[in-house]
Amino acid sequence: QVHLVESGGGLVQAGGSLRLSCAASGRTFSTYAMGWFRQAPGKEREFVAAISWTGTISYVDSVKGRFTISRDNAKNTVYLQMNSLKPEDTAVYYCAAKKYLSSSLSRQYDYWGQGTQVTVSA
C-alpha cells in the first residue's frame, strides 16, 4: 500500500511558478513510477507528466519546456516544477503511483493522492 500526499498548490499570476510535491509512504518508493495528472472543472482528468522507476520522463505536449518532473528516492518524494504558468493550467493536480514503468493512462495507476489546487490568474 502506498499513501500519497500532494502539497505546493496555490494561486499564482500568469507567468509565475509553483513547485508541487508528492510525498509517498512505504519503503519501496524507488520501484514505483510516479505520474502527475490534472483535472479542470468540467473536464476529464488529463495526463501531465510521469517518471519511471529508472528515471525515464514523459510530458504532455502542452507543458513541455515549462514543467519539469523529478524524484528524490531518498525522500520518497516526486516534484513537479511548473514555470511560465498559464490560466489554462488551472486545475486540481494529482500525483499517482504504479509499479515500475510509467504511463499516460490514469487507469493504469494504482494509488492516488487527494489533489492540490493550482489556480493561475490572467
Checklist entry - side chain to side chain contact (heavy atoms under 4.5 Å, CB included) between L80 and T68: does it pass, once the steps are laid out? => result CA-CA 6 Å; L80 186 67; T68 302; over 6 Å; no

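In this structure, Y32 is a member of the same hydrophobic cluster as I57, with clusters built from ILVMFWY side-chain heavy atoms closer than 4.5 Å. The cluster map of Ile, Leu, Val, Met, Phe, Trp and Tyr, joined by side-chain heavy atoms under 4.5 Å apart, puts Y79 and Y94 in different clusters. There is no path of hydrophobic side-chain contacts, each under 4.5 Å, that joins V5 to V2.
Rounding to the nearest 0.5 Å places CD1 of I51 at 6.5 Å from OG of S70. In this structure, OG in S106 is found 11.0 Å from CD in E46, a value given to the nearest 0.5 Å. One finds the CD atom of Q117 at 11.0 Å from the CD atom of Q39 (value rounded to the nearest 0.5 Å).
The neighbour count for E88 CD, taken as heavy atoms of other residues, nucleotides or ligands under 6.0 Å away, is above 12. The number of heavy-atom neighbours closer than 6.0 Å to CD of Q114, taken from other residues, nucleotides and ligands shown, is above 12.
Contact annotation: the side chain of S17 approaches that of Q81 to within less than 4.5 Å [non-hydrogen atoms, C-beta and beyond]. Contact annotation: the side chain of L105 never approaches that of K98 to less than 4.5 Å [non-hydrogen atoms, C-beta and beyond]. Within the 4.5 Å cutoff, side-chain heavy atoms of V118 are placed close to those of L20. Inter-residue side-chain proximity for L85 and L18 is flagged as met; some heavy-atom pair is nearer than 4.5 Å. The shortest side-chain heavy-atom distance between R45 and W112 falls under the 4.5 Å cut-off. With contacts defined as side-chain heavy-atom distances shorter than 4.5 Å, the pair T116/V92 does not qualify.
Closest approach of S52 and L101 over heavy atoms only: CB-CA, 4.4 Å. The two residues A33 and Y100 have their closest heavy-atom pair at CB-O, 3.2 Å. The heavy-atom pair separating F37 from S103 by the smallest distance is CZ-O, 4.2 Å. Across C22 and M34, no two heavy atoms sit closer than the pair SG-CE, 4.2 Å. Annotation for A24 and L4: closest pair CB-CD2, 3.6 Å, computed over non-hydrogen atoms. T90 approaches A40 most closely through the heavy-atom pair O-CB, 3.7 Å.
Note: Y59 and F47 fail the aromatic proximity criterion, with ring centroids not under 6.0 Å apart.
Ionic pairing of D89 and K86 is not present here: no N-O contact between side-chain nitrogen and carboxylate oxygen is shorter than 4.0 angstrom. Between D110 and K99 there is no salt bridge, since no side-chain N of the basic residue sits under 4.0 Å from a carboxylate O of the acidic one.
A donor-acceptor distance shorter than 3.5 angstrom exists from the side chain of E6 to the backbone of G115, with no hydrogens or angles considered.
The aromatic rings of F67 and Y93 are tilted relative to each other, their planes meeting at an angle between 30° and 60°.
A donor-acceptor pair shorter than 3.5 Å cannot be found between the side chains of T77 and D72.
Relative to the ring axis of W53, R71 does not place its NZ or CZ within 45° and under 6.0 Å from the centre.
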